[in-house]
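Data first, discussion second: the structure below is written as structure tokens.
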Amino acid sequence: MNGRYFVLAIGFIALLLLSLRGPDQAATPATVIPLERASDSDARWVTPLQPRRMVADDDVSMAPVAAEAKVWKPSMVPALSPATRAQLKEFAKLKKKVFLDNDEKRRLSELTRDPAFLSSLAPVFDISRERNDEEMNAAVDLLLDAATNEKSETAAAMLMGVIADPSIENTEIPEARRELAAGVKAEILFLWTAASPDRANHMASMLPGPVSQRLWENVLNAQDRNR
């Protein structure tokens with residue numbers, strides 16, 4: 001995706017600047033508000049994915065969780081299923097093609113319109129897992145396509161979950177993992193609001209802490225320079 005390394009750099013710069021200001025206090029987990037009840041003026045408009053806090057690199061006390069879940073354990077966040085991984089690879093292959101025949105166009109549309117498939121991508125964004133760049137890039141592309149082109153509420157909820165996740169604010173998480181997560185968040189902020197400018201009105205209220213706020217400031221500055 002064009003600009004991917006640029007927005008990753010935005011995430012690194014934000015973390016570096018925040019580290020110079022001293023440790024941040026752990027962010028307060030966002031309150032879940034059903035999407036159908038959320039309004040543009042709601043100051044805590046977030047997603048059905050509840051962010052999680054990491055105690056140590058291999059000891060996670062919280063993880064992305066559905067709104068109705070009350071107790072969350074690492075074992076409740078499975079890795080990508082073989083079926084989801086196969087579909088994600090299929091999407092990435094189709095996305096790279098310059099010309100698609102009718103069957104390929106239909107299949108690409110099916111993948112971006114499938115709520116169950118979109119929801120099954122959540123483990124890709126779990127900061128406690130080893131990152132697979134190929135899967136991460138494909139998942140971000142897929143969710144952005146689904147949210148902007150297909151107007152998928154599921155995809156929008158997934159993207160908002162990544163933006164509202166306070167993990168990068170938690171200094172107990174290894175900096176290398178925070179840096180990678182910040183790059184993903186910056187990329188989504190940059191590309192989603194570039195494709196759907198009206199989304200920018202909601203972003204400030206979704207940011208969970210100063211690192212995320214600095215990311216957003218850098219994204220806005222980069223978009224201003226582009227314009």
Side-chain angles (χ1 to χ4, degrees), residues 1-12 35 47-49 64 77-127 129-165 177 179-200 202-203 215-216 218-220 222-223 225-227:
M1 180 185 296
N2 293 336
R4 175 158 277 146
Y5 292 104
F6 175 70
V7 293
L8 288 175
I10 291 177
F12 174 76
L35 290 179
T47 76
L49 290 182
V77 183
L80 289 179
S81 69
T84 295
R85 183 168 282 113
Q87 288 177 300
L88 192 57
K89 288 182 178 180
E90 182 182 7
F91 169 82
K93 182 178 180 180
L94 291 172
K95 185 71 176 177
K96 291 178 181 177
K97 298 190 70 172
V98 178
F99 300 105
L100 300 175
D101 59 33
N102 290 335
D103 288 340
E104 290 171 332
K105 290 178 181 177
R106 175 186 54 77
R107 181 55 179 158
L108 193 60
S109 179
E110 288 176 351
L111 290 171
T112 55
R113 290 172 178 266
D114 184 352
F117 172 46
L118 297 175
S119 297
S120 71
L121 297 173
V124 174
F125 301 100
D126 181 2
I127 197 174
R129 297 184 179 279
E130 289 300 321
R131 172 167 164 167
N132 181 311
D133 285 338
E134 185 176 351
E135 291 179 348
M136 175 68 74
N137 293 340
V140 171
D141 286 345
L142 173 59
L143 292 174
L144 288 171
D145 281 1
T148 58
N149 299 331
E150 304 293 346
K151 308 302 180 185
S152 168
E153 293 184 1
T154 300
M158 294 286 289
L159 293 172
M160 289 190 290
V162 177
I163 293 169
D165 188 343
R177 291 179 181 263
E179 180 184 332
L180 290 173
V184 173
K185 183 177 291 196
E187 180 178 10
I188 290 173
L189 285 167
F190 184 92
L191 296 174
W192 198 15
T193 57
S196 304
D198 58 302
R199 285 285 176 185
H202 306 301
M203 294 306 172
L215 285 179
W216 180 229
N218 291 346
V219 165
L220 291 176
Q223 290 178 339
R225 288 195 297 271
N226 286 347
R227 285 191 288 268

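The figures that follow rest on heavy atoms only: side chains count, while hydrogens, waters and symmetry mates do not.
- Side-chain contact between P115 and E153 is absent, with no heavy-atom pair separated by less than 4.5 Å.
- To the nearest 0.5 Å, the span separating CG on L94 from CZ on R107 amounts to 8.0 Å.
- Interatomic distance, CZ of F91 versus CG of L111, reported as 7.5 Å (0.5 Å rounding).
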Checking M160 against R199 for the side-chain contact (heavy atoms from CB on, under 4.5 Å) test, could you report, in this order, the C-alpha distance in whole Å, the side-chain angles of both residues, the deciding distance, and whether it holds?
CA-CA 10 Å; M160 289 190 290; R199 285 285 176 185; 4.3 Å; yes
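- L80 and R85 make their closest contact through O-NH1, 3.4 Å (heavy atoms, listed as atom of the first residue, atom of the second, distance).
- Smallest separation of non-hydrogen atoms from I163 and M203: CD1-SD, 3.7 Å.
- Partners of Q87 according to the side chain to side chain donor-acceptor pair (under 3.5 Å) rule, which considers only residues two or more places apart in sequence or in another chain, do not exist here.
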One pair to check against salt bridge (charged side-chain N to carboxylate O under 4.0 Å, His left out): K95 and E104. What are the steps and the verdict?
CA-CA 10 Å; K95 185 71 176 177; E104 290 171 332; over 6 Å; no
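- Using a 4.5 Å cut-off on side-chain heavy atoms (C-beta onward), D165 and F125 make no contact.
- From L144, atom CG reaches atom CZ of F190 across 12.0 Å, with rounding to the nearest 0.5 Å.
- When all heavy atoms of S109 and E150 are compared, the closest pair comes out as OG-OE2, 3.9 Å.
- Two residues are said to be in side-chain contact when any heavy atoms from C-beta on lie closer than 4.5 Å; F117 and T112 fail this criterion.
- Other residues, nucleotides and ligands place more than 12 heavy atoms under 6.0 Å from the CG atom of D133.
- Distance check, rounded to the nearest 0.5 Å: CG of L191 to CG of L159 gives 10.5 Å.
- Summarising the geometry, atom NE2 belonging to H202 is positioned 8.5 Å from atom CH2 belonging to W192; distances are rounded to the nearest 0.5 Å.
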